[in-house]
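Numbering of ligands and ligand atoms starts at 1, following listing order. In what follows, every heavy atom counts, from backbone to side chain, and hydrogens, waters and symmetry copies are set aside.
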Amino acid sequence: MKKNKFPKFIVVTGGVLSGVGKGIATASIGMILKFYGYKVTTIKIDPYINFDAGTLRPTEHGEVWVTDDGGEIDQDLGNYERFLNQHFSRKNNITTGQVYFKVIEDERRGKFLGQTVQLIPHISDEIKRRIKEIGNGYEFVLIEIGGTIGDYENIPYLFAVKSLEREIGEENVKYVLITYLPTPKHIGEMKTKPTQQAIKLLSEHGIFPNFILCRAKEPLDSVRKKKIEIYANIDSEHVISAPDIDTLYRVPLNFEKDNLGKKILKEFSLKKRKKPDWSFLEKTVNIIENPKNLINIAMVGKYIDIGEFSLKDSYISVAQALEHAGAKNNCGVKIDWISAQDVENGKIEKKELKKYDGFIVPGGFGKDGVEGKIKVIKYARENNIPFLGLCLGLQLAIVEFARNVCKLENANSVEIDPKTKYPVIHFIESQKNVIRESRYGGTMRLGAYVAHLLEGTLIYKLYKECGRIEEDRYYIEMLKKDRDNIFRLGYIEKRKPLILERHRHRYEVNNEFVPIIEKKGMLFSGYHNISKNEKLMEFIELKGHRYFVATQAHPEFKSTIFSPSPLFFGFVRASLKLKLD
Ligand code: GLN
């Protein structure tokens with residue numbers, strides 16, 4: 001085997017319990033290797049039978065992340081994109097459902113020539129094939145295996161990576177175990193036993209971790225470090241302490257304090273390609289931790305029965321986009337999660353809304369709390385308070401404007417009231433068939449679509465100011481080369497500014513009402529051309545308002561700490577200005 005053959009694979013597994021930040025740790029390792037000058041990609045393996053995360057309940061599973069190519073994926077992919085500041089494909093997520101689907105499809109086509117199709121080798125080979133396909137052209141491939149060691153569902157994946165190791169040599173595959181060290185209250189001492197058991201479980205698959213990242217409330221002391229070192233039979237330098245932190249982006253900085261990047265490179269007999277420059281991240285994290293100003297933003301959704309915890313998980317990208325935009329404005333963003341139902345039934349009164357510097361109505365589905373959201377939008381519009389509407393937020397901003405300004409009584413979205421006299425938000429033809437045939441999985445308008453922006457509008461200025469028109473040009477060129485996704489370009493008009501934002505929705509603005517709405521002062525500042533003659537409205541803004549902006553897209557999916565979303569940036573800036581005025 002030749003030395004330093006690429007790609008190198010780093011397999012990340014979790015021991016003890018889930019939800020201890022495996023995704024963030026994986027994303028941080030990716031970021032570090034990128035900062036050392038390597039080409040990195042990451043894969044999230046979800047061992048569930050669902051084909052993708054599109055039909056999973058967000059309150060149970062967290063937000064559904066959308067990729068440029070329309071994948072509906074586990075939120076870990078969002079962490080990868082935010083940390084690595086690069087776009088991933090739906091292929092970067094492997095689920096058991098996809099793997100079996102493909103193998104069964106191949107079997108039906110007679111591809112296995114009479115063989116008995118089995119878990120091993122057919123399923124594990126398909127897993128390997130997918131991993132290799134994604135890794136093609138990269139130098140490092142991080143593979144995060146979801147769940148916890150000991151789960152039955154993990155077994156084929158552990159087998160597959162072990163088999164990959166046999167195939168390409170152990171010098172090309174290394175393992176990281178992320179574990180958790182609890183400190184039971186009545187004992188008051190950090191315990192290593194669950195970690196020892198995780199190491200043992202992993203060893204049953206022939207896997208011995210090269211690094212162990214120890215998540216815990218506090219940093220690991222030397223006694224615990226020694227115990228793990230002896231038990232796992234690894235160098236104590238490879239036992240890394242990862243205590244709880246307040247700001248996610250501290251994680252890579254902390255790992256670097258432990259020289260994790262250099263240690264990983266050494267493990268692969270590699271050298272750094274460049275000296276990493278952490279100054280921007282250091283500076284940004286310091287702003288997030290000690291902001292000069294603080295604004296209070298209300299996020300209005302239908303949360304009442306869920307509780308705040310899962311709620312934050314369902315809108316993680318919106319909260320992240322606010323954090324990014326806050327850092328760029330040297331400003332902290334405190335988010336209050338307001339129940340739209342409480343606004344609707346009067347439990348939250350108008351005067352309570354006064355304390356907010358801005359309002360966000362994020363994406364959502366169904367009727368619940370819709371009238372409450374509309375009330376908040378009306379309040380923001382009439383009182384000149386910054387408002388940002390995302391997807392459903394745009395749809396309801398149009399409903400509110402149609403009802404209260406254009407005097408189209410009981411105007412609505414057909415999602416909420418199918419019989420409304422003024423269907424300002426409606427189905428387009430292609431979605432009608434989907435619903436009729438109950439094809440709910442993967443059939444929304446999904447992925448990054450091109451939008452034309454009208455020059456001179458606030459939205460155009462924000463995209464320009466944030467460098468996104470330049471940045472998106474690169475991805476639009478990529479889209480032109482991509483046969484499967486080229487339809488997302490639509491019909492392109494020459495010499496108009498173009499941008500790309502991601503979508504996940506079924507309903508659209510009804511163009512029939514656009515002239516009436518525009519006449520009353522709402523501006524449609526961007527649109528997608530399905531064809532030369534059919535437009536989909538993508539952006540609105542209100543002339544004369546401090547900041548009243550909404551989009552049919554989900555710009556939060558493209559916001560990173562390195563490149564905050566223009567619409568969030570403008571929103572935070574306007575809210576801060578209102579506060580300081
Ligand atoms: N329910 C709306 C639609 O399907 C909005 C979806 C969303 O906000 N993501 O169009």
Side-chain angles (χ1 to χ4, degrees), residues 52-59 61-67 70-73 75 78 299-303 311 313-319 321 337 340 359-374 376-377 387-400 402 411-418 420 423-436 438-449 451 501-511 513 527-528 530 536-540 549-559 565 567-568:
D52 59 31
T55 54
L56 288 170
R57 192 177 304 124
T59 47
H61 189 79
E63 174 188 84
V64 178
W65 177 261
V66 181
T67 54
E72 295 176 283
I73 293 173
Q75 51 179 307
M299 190 109 88
V300 193
K302 53 164 182 181
Y303 321 130
L311 177 72
D313 237 27
S314 324
Y315 288 108
I316 202 154
S317 300
V318 180
W337 307 83
F359 295 93
I360 293 190
V361 174
F365 294 84
K367 286 188 181 76
D368 293 347
V370 154
E371 290 304 322
K373 293 177 193 176
I374 291 175
V376 172
I377 296 169
F387 162 75
L388 177 61
L390 307 169
C391 204
L392 181 67
L394 168 133
Q395 297 174 354
L396 297 182
I398 289 179
V399 169
E400 190 279 321
N412 218 329
S413 158
V414 298
E415 182 183 11
I416 320 294
D417 176 8
T420 174
V424 286
I425 308 296
H426 71 159
F427 267 135
I428 56 170
E429 210 49 47
S430 57
Q431 284 293 337
K432 275 187 193 157
N433 298 334
V434 166
I435 298 295
R436 207 174 297 131
S438 297
R439 288 188 284 115
Y440 290 106
T443 53
M444 283 189 255
R445 178 143 87 98
L446 287 166
Y449 281 77
E501 288 290 9
R502 298 182 190 168
H503 293 69
R504 183 173 189 259
H505 66 103
R506 273 186 219 288
Y507 300 85
E508 304 284 352
V509 173
N510 186 343
N511 290 340
F513 292 93
Y527 55 87
H528 169 78
I530 303 184
L536 297 175
M537 294 303 154
E538 298 280 22
F539 296 97
I540 55 167
V549 165
T551 171
Q552 188 59 81
H554 286 280
E556 64 272 24
F557 290 139
K558 281 181 67 175
S559 180
S565 157
L567 300 191
F568 282 81

Among Cys391, Gly366, Gly393, which residue places a heavy atom closest to atom 7 (C) of ligand 1?
Cys391
Have a look at Glu415, Met444, Gln395 and point out the one with the heavy atom closest to atom 1 (N) of ligand 1.
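It is Glu415 that holds the nearest heavy atom.
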Only heavy atoms of [X], strictly under 4.0 Å: list the atoms of ligand 1 that pass.
{"X": "Tyr507", "value": "3 (C), 4 (O), 10 (O)"}
{"X": "His554", "value": "7 (C), 9 (N)"}
{"X": "Arg504", "value": "6 (C), 7 (C), 9 (N)"}

Does Phe365, backbone or side chain, put an N or O under 3.5 Å from an N or O of ligand 1?
no
Are any of the N/O atoms on Gly364, whether in the backbone or the side chain, positioned under 3.5 angstrom from an N/O atom of ligand 1?
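Checking ligand 1 against Gly364, an N or O pair does fall under 3.5 Å apart.
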Can you find a side-chain donor-acceptor pair between Glu63 and Ser317 that sits under 3.5 Å?
yes
Return the minimal non-hydrogen interatomic distance between [X] and [Y], and the atom names on each side.
{"X": "Leu567", "Y": "Pro555", "value": "CD1-CG, 4.3 Å"}
{"X": "Tyr507", "Y": "Gln552", "value": "O-OE1, 3.8 Å"}
{"X": "Ala319", "Y": "Trp337", "value": "CB-CH2, 4.5 Å"}

When you measure from the heavy atoms of Gln552 to every atom of ligand 1, does any distance fall below 4.0 Å?
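Under 4.0 Å: no for Gln552.
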Answer with side chain, backbone, both or neither: which part of Glu508 has a heavy atom less than 4.0 angstrom from an atom of ligand 1?
neither
Contact partition for Arg506 relative to ligand 1, non-hydrogen atoms under 4.0 Å
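Under 4.0 Å from ligand 1, Arg506 contributes backbone and side-chain atoms.
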Determine, for Glu72 against Arg504, whether the closest basic-nitrogen to carboxylate-oxygen distance falls under 4.0 angstrom.
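Result for this pair is yes, salt bridge flagged.
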Give the intermediate values and the outcome of side-chain contact (heavy atoms from CB on, under 4.5 Å) for residues Phe568 and Val318.
CA-CA 9 Å; Phe568 282 81; Val318 180; 3.9 Å; yes
Do Val399 and Ile377 pass the side-chain contact (heavy atoms from CB on, under 4.5 Å) test, and can you show the C-alpha distance, the side-chain angles, and the key distance before you say yes or no?
CA-CA 10 Å; Val399 169; Ile377 296 169; over 6 Å; no
